[in-house]
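Before any comments, here is the structure.
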Amino acid sequence: MAGPRGEVAVVGAGLIGLFSAHYLLDRGYAVTLLERGDPGGGASRVNGGWVCPARSDPLPSYPVVRDGLRSLVPGAGGGFFLAPAAIPRVAGFLSRFVRSSTPARFERSWDELDGLNARTVELVDELVTAGLIGGLADEGFLMLHPTREEAEATRAALVTVARRGFCPAPEPVLGRSALLELEAGLGPAAQWGFLHRGDRWLDPSRLVDALIRSVVQRGARIVTDAAVSAVRAGRSGVTMVTARGDVEAGHAVIAAGAWSELLLRPLGVQGHVTPGKGYSFTVSPAAPPTHVLRLGSTHVGITPLGQYARVVGMVELDGTHERFRAGRVAAMKRAAAPYLSGVDWGASTDERVAPRPLTPDGKPLIGCVPGAERIVVATGHNMLGLTLGAATGTLVTELVDRGPAAAVAAFDPMRFTRGKGQPRVSTTDEAVTA
Ligand SMILES: Cc1cc2nc3c(=O)[nH]c(=O)nc-3n(C[C@H](O)[C@H](O)[C@H](O)COP(=O)(O)OP(=O)(O)OC[C@H]3O[C@@H](n4cnc5c(N)ncnc54)[C@H](O)[C@@H]3O)c2cc1C
């Protein structure tokens with residue numbers, strides 16, 4: 001399949017690929033999305049639906065490292081699981097992750113994520129006005145705890161977070177009877193809590209469907225069952241080798257989520273993008289929640305979706321992208337049950353696992369491949385692909401338009417690459433395998 005020079009091929013039709021396509025179309029590019037399965041078939045439909053610039057703290061931090069170490073003890077709980085057998089495969093990721101977890105580096109990464117989020121609220125509001133994002137809810141996140149001390153400690157931490165400018169200070173801590181007025185279906189563990197406004201949420205699957213409809217209406221092609229096995233750069237264009245034949249374009253965007261590393265390594269980019277699997281499932285509470293519920297120290301969250309509630313949680317590193325472990329869902333149910341009454345936990349539906357594209361410092365990789373600037377990397381969005389998707393799409397469009405001049409150093413895809421890689425472009429116009 002040959003394409004014009006003004007055509008951009010986007011590898012991966014998840015949220016990042018779709019948001020990129022949206023803004024590239026705005027700028028007048030012709031866009032082809034190449035998707036190995038169905039659009040949104042990675043993490044994009046499985047997620048919690050939070051558009052949460054206020055909660056954009058990077059994953060690498062001492063508490064997460066502590067949880068990871070604890071999880072090596074059989075039977076341990078927590079929200080971060082590291083399978084001992086996977087350690088050799090993810091050793092490079094882990095050593096860099098631990099180095100990124102110091103308080104100073106955690107704060108710096110968070111500041112840099114705030115920089116990318118600076119336009120998130122404005123961009124999302126524009127998409128709402130344009131009718132692309134529907135059902136964005138803003139009733140607030142209800143932070144629930146079994147003790148007053150825990151609730152006050154969480155609130156104090158969020159008072160500090162509010163100084164970053166993405167949310168107001170949290171409301172005062174409430175006792176159980178006041179909480180029940182806000183949310184009738186709370187279980188006995190929800191003794192103390194408070195409301196925190198600012199972040200919003202939606203049904204991620206509806207957003208994926210709306211983005212697909214919109215980009216197709218505006219002329220984008222989505223090619224399904226088109227797994228890309230290599231991206232090759234020439235002087236004036238890029239070739240994607242796919243299961244359905246070669247595709248040529250002026251530029252390529254690698255937005256293959258947790259699978260991106262397979263395409264990056266041959267290009268000389270060591271991104272250390274690693275699958276951190278998360279789980280979600282749906283329940284049907286007698287009194288459906290009307291706020292996002294954060295359940296004490298369980299690392300489990302509940303998102304209201306009309307008459308239903310989506311339960312999300314877990315970060316599991318076991319070296320696989322999609323292996324489903326029923327025990328993780330059972331553990332999430334045990335953690336959530338004390339906080340929400342009137343739920344038949346045995347009747348849950350849509351039990352799913354998907355890989356978050358983790359990076360060692362919790363920040364995405366967004367930028368041009370050195371020596372092959374027509375290839376733009378847009379991956380590694382960790383827990384924040386929905387939140388950062390719109391801002392990423394605008395940055396990708398700038399990178400396609402202006403090349404490395406538009407680069408943002410904090411998201412340099414080469415920052416973990418030893419020796420910073422070699423130029424990967426052929427000396428002739430002929431495409432080369434990178
Ligand atoms: C349980 C859970 C809860 C989450 N909650 C939130 C939340 O509330 N808010 C938030 O902001 N983020 C959340 N996230 C994170 C968010 O879902 C991800 O960051 C986001 O989905 C990443 O988007 P992506 O497009 O990069 O990857 P994906 O959504 O995984 O999409 C990648 C796409 O690329 C395709 N692909 C892969 N390899 C190839 C190839 N070689 N050729 C062609 N196509 C390929 C895949 O099939 C897939 O469709 C959550 C994630 C999980 C798992």
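The figures here come from the full heavy-atom set of this structure, side chains too, leaving out hydrogens, waters and symmetry mates. Each ligand, and each atom within it, is numbered from 1 in the order the structure gives.
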Contact check: Leu15 vs ligand 1, nitrogen or oxygen atoms, below 3.5 angstrom: yes
Selection from Met383, Arg356, His381, Arg36 by shortest heavy-atom distance to atom 36 (N) of ligand 1: Arg36
Ion pair Asp138/Arg200, N-O distance below 4.0 Å: no
Cys52 near ligand 1 by a heavy-atom separation under 4.0 Å: no
N/O separation below 3.5 Å, Ile16 to ligand 1: yes
Distance-only N or O hit between ligand 1 and Ser280, under 3.5 Å: no
Under 3.5 Å: N/O of Val46 near N/O of ligand 1: no
Test of ring centre spacing under 6.0 Å for Tyr62 and Phe106: no
Any N/O pair Ala378/ligand 1 closer than 3.5 Å: no
Ligand 1 to Tyr279 polar contact by distance, N or O atoms, under 3.5 Å: no
Residue and atom name of the nearest protein heavy atom (relative to atom 28 (P) of ligand 1), distance in Å to one decimal: Ala43 N, 3.6 Å
4.0 Å heavy-atom contact, Ala227 with ligand 1: yes
Asn47, any N or O under 3.5 Å of ligand 1 N or O: yes
Test item, Thr379 contacting ligand 1 (heavy atom, 4.0 angstrom): no
Residue that, paired with Thr359, satisfies side-chain contact (heavy atoms from CB on, under 4.5 Å) out of Thr274, Leu59, Leu365: Leu365
Which residue and heavy atom of the protein sit nearest atom 47 (O) of ligand 1, plus the separation: Glu35 OE2, 2.6 Å
Sub-4.0 Å heavy-atom contact, Ala226 with ligand 1: yes
Mode of Trp50 contact toward ligand 1 - side chain, backbone, both, neither (heavy atoms, under 4.0 Å): both
cation_pi(Arg325, Phe81) dist<6.0 Å, angle<=45: no
Atoms of ligand 1, numbered as shown, that sit under 4.0 Å from any heavy atom of Leu34: 43 (C), 44 (N)
Polar proximity ligand 1 side, Gly385 side, N/O cut 3.5 Å exclusive: yes
Sub-3.5 Å N/O-N/O distance, Asn382 and ligand 1: yes
Six-ring centre of Trp259, Arg36 cation under 6.0 angstrom, axis tolerance 45°: yes
Lys/Arg N to Asp/Glu carboxylate O, Asp350 vs Arg310, below 4.0 Å: no
contact_flag Ala354 ligand 1 heavy-atom lt 4.0 Å: yes
Verdict with reasoning, Leu399 to Thr397, per side chain to side chain contact (heavy atoms under 4.5 Å, CB included): CA-CA 5 Å; Leu399 288 160; Thr397 303; over 6 Å; no
Polar proximity ligand 1 side, Gly37 side, N/O cut 3.5 Å exclusive: no
Phe97 and Phe80 aromatic ring geometry - parallel, tilted or perpendicular at 30°/60° bounds: parallel
Carboxylate-amine/guanidinium proximity below 4.0 Å for Glu139 and Arg197: no
Arg27 and Asp401 ion-paired at < 4.0 Å: yes
Val11: numbered ligand 1 atoms lying under 4.0 Å from its heavy atoms: 42 (N), 43 (C)
